[in-house]
Peer 1: 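Next up is a structure, given as structure tokens.
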Amino acid sequence: MKCNRRFLALLISSALAVCISAEEAVPSAEVRPEFKPTTIKAPFLEQFTDDWTKRWSPSEATKETKDGGETFSYVGKWKVEEPTVFPGILGDKGLIVDSKAAHHAISASLNNSLDNTNNTLVVQYEVKLQNGLECGGAYMKLLTESEKGIHAEEFSDKTPYTIMFGPDKCGATNKVHFIFRHKNPKTGEYEEKHMNSAPSAKISKLSTLYTLIVRPDNSFEIRINNESTKTGDLLKDFSPAINPPKEIDDPKDKKPDDWVDNPKIPDPNAKKPDDWDEDAPSEILDEDAKKPEGWLDDEPTTIPDPEAKKPEDWDDEEDGDWIPPSIPNPKCEEAPGCGEWNRPMKSNPNYKGKWYPPEIENPAYKGPWAPRKISNPDYFEDLHPSNFEKIAAIGFELWTMQNNILFDNIYIGHSEEDAKKFAEETWVIKYKIEKDAEDLDSKPETAEQPPSIWDSPVKYLRSETDEFIKKAFEDPLDAVKQKPEIAGLFGGAAVILFTLLTVLFNLITSAKRPSAPHKKTDEPTPDDKDADKADSQDDGGDGDNEGEINAGEKKINKRSGKKPPKDN
């Protein structure tokens, strides 16, 4: 019994060791870094922490079409949560466009209006297109300070903004907007200035960092993922231009009636040559052409499809006679051609076309006419357009077909260094994690080499076993022939299992078997009587020895019919 218990313990210990080894062989998932709010300060900095609703408010306004024919409401929903596609930093949440094909509007006020007079302006934020972007905007608006204040519930496309910056894509349009509203110092009217030759937006499911830098010298720079993609000057690279021209055309000046602005005229003395035939055709038959050898004159170019069959529901009376569809004649594919051969055409060497007299210099030509210049009454000169209108809030006012657009880590301030440091704390870290996940996800599936028994015994056995089971379902005998060692393992496992069950069964049955009772008297018991009848040995109780000594005496007494004397 002790041997069986030791054997059972050995089997259980071995099984546990194999399970532990297999569990330890599975590598643990890579731990992502946890989100920590930045300590960088700025006029506006947003990481969408749990208290984001204290700063951001969705719009309740309506939006009219340009012609005023239709009105839309900003019904698009917003939420703040972690990304679901290629997540980066653990616990890092962003503002998400939650509705498809809807108008969205949400804004947040600055604690103090931002004045960029004689200063650098840095606008930076992240965009993550988790469902891509086929048609929609992901740009940001920096809203202009107003005497009435900015009311988030009234935020719409009509709300005045100072700068609009960010990606926009729909159909063939794919660019990063940089638009600013400039105030005419003479009239007080505002005009949108659009950047020329805008760079393309980056359509990616990874977090994309967009940065706009405008410096006091009117130079600007746009960076995408910390790489410079556009540089320029506010005074040179925007349309309409910031400053109007000093002179303009006199609207009252008109070209004289006798002004000749044609530099050349047809030669009035030229005549058409006598041999010029205007009626000659441009092409004529090629008389030298010959029909190619092997041309099949009697074969049609198409024939009825021999495999076509009349539909079962075809009614000749209603539908008419059924005609099978035609297919190209297969015989024509191997021959130079089929059917009637026609002589080809060639260019007519005598063709000259319509005759026109040659042109000569116009003796009356005076040159191109242009109205005279006068001073522009609306002229002004703004040498510092980088001194934008004061910014009191930021907002997203968008229409998009795709949802799950995520915005995060917004920086609005004056420090290029702080913006760069902020990006290193956030975007740089998460982008690497996202890129690694994307590369792993897009890696083409290749046939994995089976593990070696020396490198990973557990993986090797698991791989061989899986392959054996797969083959065994298709052809058991072939599976055994190809992998006899695995078949042997299965056989050994079956023997071990049978042995284990046998040991367990013996342990259970031996524990339940009752022991024989002690005889307290020499009087015959029912067992003794049964034993006498069967002429068998003693029952094996505590009186075994005594029964063996008096065995002969008991037999004699039983034959004589006398009982043996009782022991005192």
Side-chain angles (χ1 to χ4, degrees), residues 23-58 77-98 104 106-111 122-133 138 140 166-167 202-212 223-227 394 396 402-413 415-443:
E23 184 176 357
E24 290 177 349
V26 179
S28 59
E30 183 179 354
V31 179
R32 291 185 286 146
E34 293 187 3
F35 168 76
K36 293 181 181 180
T38 185
T39 57
I40 295 174
K41 303 298 181 182
F44 186 89
L45 194 148
E46 181 61 74
Q47 292 188 283
F48 296 101
T49 49
D50 292 339
D51 58 346
W52 70 278
T53 54
K54 297 179 180 179
R55 300 179 294 277
W56 292 83
S57 301
K77 302 298 181 182
W78 298 88
K79 64 181 179 180
V80 169
E81 64 178 22
E82 293 186 52
T84 56
V85 179
F86 304 132
I89 299 173
L90 188 64
D92 184 16
K93 300 178 181 179
L95 178 67
I96 292 179
V97 175
D98 197 33
H104 295 73
I106 194 170
S107 61
S109 297
L110 277 67
N111 293 329
V122 181
V123 181
Q124 180 173 280
Y125 72 113
E126 296 174 10
V127 179
K128 186 177 176 68
L129 308 173
Q130 299 188 90
N131 289 341
L133 186 64
M140 176 195 299
K202 192 174 184 64
I203 309 304
S204 171
K205 295 183 179 181
L206 308 182
S207 296
T208 301
L209 184 69
Y210 290 94
T211 306
L212 168 66
R223 297 174 182 171
I224 301 178
N225 289 350
N226 278 339
E227 294 183 2
I394 74 164
F396 295 99
Q402 279 70 44
N403 64 342
N404 278 344
I405 301 174
L406 183 146
F407 304 105
D408 198 8
N409 295 322
I410 303 172
Y411 176 94
I412 311 292
S415 175
E416 294 184 47
E417 292 75 17
D418 285 351
K420 181 179 180 182
K421 182 179 179 182
F422 185 43
E424 290 173 351
E425 292 179 1
T426 54
W427 176 82
V428 172
I429 295 174
K430 73 166 64 173
Y431 183 79
K432 183 180 185 305
I433 299 172
E434 294 176 358
K435 190 66 172 68
D436 291 344
E438 183 189 48
D439 293 343
L440 185 62
D441 184 69
S442 60
K443 186 177 181 181

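One is the number of the first residue; the rest follow in order along the sequence.
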Peer 1: Heavy atoms only: give me the nearest Gly413-Pro43 pair and the separation to one decimal.
Peer 2: CA-CD, 3.6 Å

Peer 1: Rounded to the nearest 0.5 Å, what separates atom OG in Ser57 from atom CD1 in Ile106?
Peer 2: 7.0 Å

Peer 1: Counting distance only, does the side-chain N/O of Gln130 pair as donor-acceptor with the main-chain N or O of Pro83 below 3.5 Å?
Peer 2: no

Peer 1: Could Asp50 and Lys93 be called an ion pair, given the rule that one side-chain N must be under 4.0 Å from one carboxylate O?
Peer 2: yes

Peer 1: Atom CG of Asn111 and atom CZ of Phe44: how far apart are they, to the nearest 0.5 Å?
Peer 2: 9.0 Å

Peer 1: Could you report the tightest heavy-atom contact between Trp427 and Ser207, atom names first, then the distance?
Peer 2: NE1-O, 2.8 Å

Peer 1: Within the distance-only criterion (no hydrogens, no angle test), does the side chain of Glu82 pair as donor or acceptor with the backbone N or O of Pro87 below 3.5 angstrom?
Peer 2: no

Peer 1: First locate atom OG of Ser204, then atom CG of Asn225, and finally report the distance between them rounded to the nearest 0.5 Å.
Peer 2: 8.0 Å

Peer 1: Between CD1 of Ile96 and CG of Asn403, what distance do you get to the nearest 0.5 Å?
Peer 2: 9.0 Å

Peer 1: Any idea how Tyr125 and Phe407 line up, ring-wise: parallel (<30°), tilted (30 to 60°), or perpendicular (>60°)?
Peer 2: tilted

Peer 1: Among Lys77, His104, Lys79, exactly one meets side chain to side chain donor-acceptor pair (under 3.5 Å) together with Asp98. Which residue is that?
Peer 2: Lys79

Peer 1: Which heavy atom of Ile394 sits nearest a heavy atom of Met140, and at what distance?
Peer 2: CD1-SD, 4.4 Å

Peer 1: By the definition side chain to side chain donor-acceptor pair (under 3.5 Å), identify the one residue from Gln124, Glu46, Glu126 that meets it with Asn409.
Peer 2: Glu126

Peer 1: Out of curiosity, Leu110 CG to Leu45 CG, how far, rounded to the nearest 0.5 Å?
Peer 2: 11.0 Å

Peer 1: Quick check: closest heavy atoms across Ala42 and Tyr411, and the distance to 0.1 Å?
Peer 2: CB-CE1, 3.3 Å

Peer 1: Mind checking whether Asn226 and Val428 have side chains closer than 4.5 Å, heavy atoms only?
Peer 2: yes

Peer 1: So, does Lys128 use its side chain to make a donor-acceptor pair with the main chain of Asp408 at under 3.5 Å?
Peer 2: no

Peer 1: Does the side chain of Gln47 come within less than 4.5 Å of Phe422's, by heavy atoms?
Peer 2: yes

Peer 1: Mind listing the closest non-hydrogen atom pair of Ile89 and Pro33 along with its distance?
Peer 2: CG2-O, 3.3 Å

Peer 1: Does the Trp78 side chain pair with the main chain of Leu95, one donor and one acceptor, at a distance under 3.5 Å?
Peer 2: no

Peer 1: Quick check against the 3.5 Å criterion: does Gln402 have a side-chain atom that pairs as donor or acceptor with the backbone of Leu129?
Peer 2: no

Peer 1: Please evaluate residues Val97 and Phe396 with respect to the criterion side chain to side chain contact (heavy atoms under 4.5 Å, CB included), reporting the C-alpha separation (whole Å), side-chain torsions for both, the decisive distance (0.1 Å), and the verdict.
Peer 2: CA-CA 10 Å; Val97 175; Phe396 295 99; over 6 Å; no

Peer 1: Looking only at non-hydrogen atoms, find the nearest pair between Thr84 and Glu81 and report the distance.
Peer 2: CG2-OE2, 4.3 Å

Peer 1: Just how far is it from atom NZ of Lys420 to atom OG1 of Thr211, taken to the nearest 0.5 Å?
Peer 2: 11.5 Å

